[in-house]
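Comments concern the structure below.
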Amino acid sequence: METLHLAGPVRLGDDDVRAEAWVVDGRLTFEQPSGDVTRVEGWAVPGLVDVHCHVGLDSAGATSREVARAQALADRDAGVLLVRDAGSPLDTTWVHDEPDLPRLVRCGSHLALPKRYLRDYGRELAEVAELPDAVAQEAARGDGWVKIVADWIERSEGASADLRPLWPGDVLATAVARAHDAGARVTAHTFSEEALPGLLAADVDCLEHGTGLTPSMIDEVAARGIAVTPTLLQVERFEAIAQQADGRYPVYAAHMRRMHARRHAHVRDLFEAGVRLLVGTDAGGTIGHGQIAAECAELVAAGVPPLEVLAAASWRTRDYLGAPLLDEGVEADVVVYPADPAADVAVLAAPSAVVLRGRRVR
């Protein structure tokens with residue numbers, strides 16, 4: 001394994017920037033080694049994190065293992081070295097044994113109801129009452145996370161159809177408690193306002209999208225320490241989704257357009273309230289993998305400062321997921337850029353080098 005000289009600067013955290021570092025036998029050190037080294041120029045940061053990513057999922061449902069591997073490689077080459085897979089119909093436990101693929105934290109399968117989510121994407125429960133047991137099962141299958149689909153369009157309402165909750169509050173509360181008892185955390189897909197009171201009362205840990213959060217709910221989310229993944233690349237698609245619904249589901253279409261129109265202001269409100277923001281692309285299904293730089297750019301466009309976005313895409317979220325932070329002797333997961341991404345996240349689109357598990361893979 002080659003010895004790398006990270007010529008620096010090396011950013012380890014918000015206020016921790018070192019002049020240089022080395023990777024020796026796969027591990028980070030700040031003590032200059034003897035012998036030959038390969039010099040790697042540029043700003044080095046801890047490997048990026050995509051917390052809303054679907055390895056093994058495309059628009060038709062579960063992919064082949066070969067496609068899932070290609071998806072993970074696209075994320076890795078974009079600088080994402082840690083993925084929280086936010087639900088996949090494919091069993092991806094094998095990724096843990098692939099040293100050239102990003103580290104993976106699995107949620108297991110999405111939990112939904114028949115005709116209340118995208119077909120073939122998740123695990124459809126026959127009855128609402130099955131949710132607590134299903135959550136316990138997915139907690140046992142996954143890597144400390146469970147994914148619940150909390151709302152979706154209720155097409156049976158015809159022209160008045162809109163986003164509606166899938167689960168009553170008491171069932172949600174029991175389900176989240178079962179996950180917590182098993183040592184797992186729960187994240188929930190939610191677009192609408194209506195599903196959120198039940199999720200907050202159930203003590204959910206994280207919200208995906210969260211476009212329905214009102215000002216009072218935002219304050220509660222901040223006070224409870226609930227994380228939110230805005231997935232702005234996905235919310236950008238709300239206008240296209242509304243166009244598909246025009247005519248048949250006009251109420252739903254109008255609702256999606258309202259959330260689309262205020263997407264940037266909404267994220268700015270979350271940030272200013274002190275909500276923990278996570279960075280997730282929602283890759284898989286309708287969005288291609290390897291889009292972490294574009295998601296970060298959207299967050300900056302919404303008004304979140306570049307350093308805050310970089311922290312959310314790197315060291316802060318690594319810590320949130322329980323991954324080791326860069327420090328002396330830690331296995332090196334590092335991405336190098338030609339300029340400081342804390343000053344301009346645009347440089348995230350072109351990594352100079354990617355070092356995974358101490359080995360340069362790009």
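These numbers come from the heavy atoms of this one structure, side chains and all, not from hydrogens, waters or symmetry mates.
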Task: Ile153 reachable from Tyr121 in the ILVMFWY side-chain graph, under 4.5 Å edges - done: yes
- [ ] Assess whether salt bridge (Lys or Arg N to Asp or Glu O under 4.0 Å) is satisfied between Glu98 and Arg76, documenting all intermediate values.
- [x] CA-CA 12 Å; Glu98 300 286 332; Arg76 183 202 73 181; over 6 Å; no
Task: Charged N-O contact under 4.0 Å between Arg106 and Asp85 - done: no
- [ ] Using a strict 4.0 Å threshold on nitrogen-to-oxygen distance, state whether Arg318 and Asp333 make a salt bridge.
- [x] yes
- [ ] Group every Ile, Leu, Val, Met, Phe, Trp and Tyr by side-chain heavy-atom contacts under 4.5 Å, then state whether Leu277 and Leu200 land in the same group.
- [x] yes
Open item on the list: Quick one about Thr231 and Asp282 (side-chain donor to acceptor, distance below 3.5 Å, no hydrogens or angles considered), yes or no?
Closed with: no
Open item on the list: Hydrogens and angles aside, do Asp58 and Thr63 bring a side-chain donor and acceptor to less than 3.5 Å of each other?
Closed with: no
- [ ] If the plane angle is over 60° it's perpendicular, under 30° parallel, otherwise tilted; pick one for Tyr117 and His189.
- [x] perpendicular
- [ ] Decide whether Thr29 and Glu328 meet the rule of one side-chain donor and one side-chain acceptor closer than 3.5 Å.
- [x] yes
Task: Within one Ile-Leu-Val-Met-Phe-Trp-Tyr cluster: Phe238 and Leu163, side-chain cutoff 4.5 Å - done: yes
Task: Carboxylate-amine/guanidinium contact Arg103 Glu331, below 4.0 Å - done: yes
- [ ] Taking the side chain as every heavy atom from C-beta outward, state whether Leu81 and Val335 have any pair of such atoms under 4.5 Å apart.
- [x] yes
Task: Validation row: Leu278, Val228 side chains within 4.5 angstrom (heavy atoms) - done: no
Open item on the list: Distance alone, cut at 3.5 Å: any donor-acceptor contact between the side chains of Thr187 and Glu208?
Closed with: yes
Open item on the list: For Asp205 and His180, which I'm curious about, is there any donor-acceptor pair between the side chains at under 3.5 Å?
Closed with: yes
Open item on the list: Assess whether a salt bridge exists between Glu193 and Arg258, defined as any Lys/Arg side-chain N lying under 4.0 Å from an Asp/Glu carboxylate O.
Closed with: no
Open item on the list: Tell me if the CG atom of Asp25 is crowded by more than 12 foreign heavy atoms within 6.0 Å.
Closed with: no
Task: Asp181, CG: over 12 other non-hydrogen atoms inside 6.0 angstrom - done: yes
Open item on the list: Looking at Arg224, I want to see if its CZ is surrounded by more than 12 non-hydrogen atoms of other residues, nucleotides or ligands under 6.0 Å.
Closed with: yes
Task: Asp100/Arg359 ion pair, N-O < 4.0 Å - done: no
TODO: Could you tell me whether the side chain of Ser88 and the main chain of His54 form a donor-acceptor pair under 3.5 Å?
DONE: no
Task: Cation-pi check, Arg84 onto Tyr320 ring (under 6.0 Å, within 45° of axis) - done: no
Task: Common cluster, Trp145/Leu207, ILVMFWY with side-chain heavy-atom separation under 4.5 Å - done: no
Task: Residue pair Glu138 / His110, side-chain heavy-atom distance below 4.5 Å - done: no
TODO: Would you mind checking if Glu308 and Arg316 are paired as a salt bridge, meaning a charged N to carboxylate O distance below 4.0 Å?
DONE: yes
- [ ] Check the hydrophobic clustering (I, L, V, M, F, W, Y; side-chain heavy atoms under 4.5 Å; chains of links allowed) and say if Leu111 and Val149 are grouped together.
- [x] yes
Open item on the list: Between Arg11 and Asp340, does any side-chain N to carboxylate O distance fall below 4.0 Å?
Closed with: yes
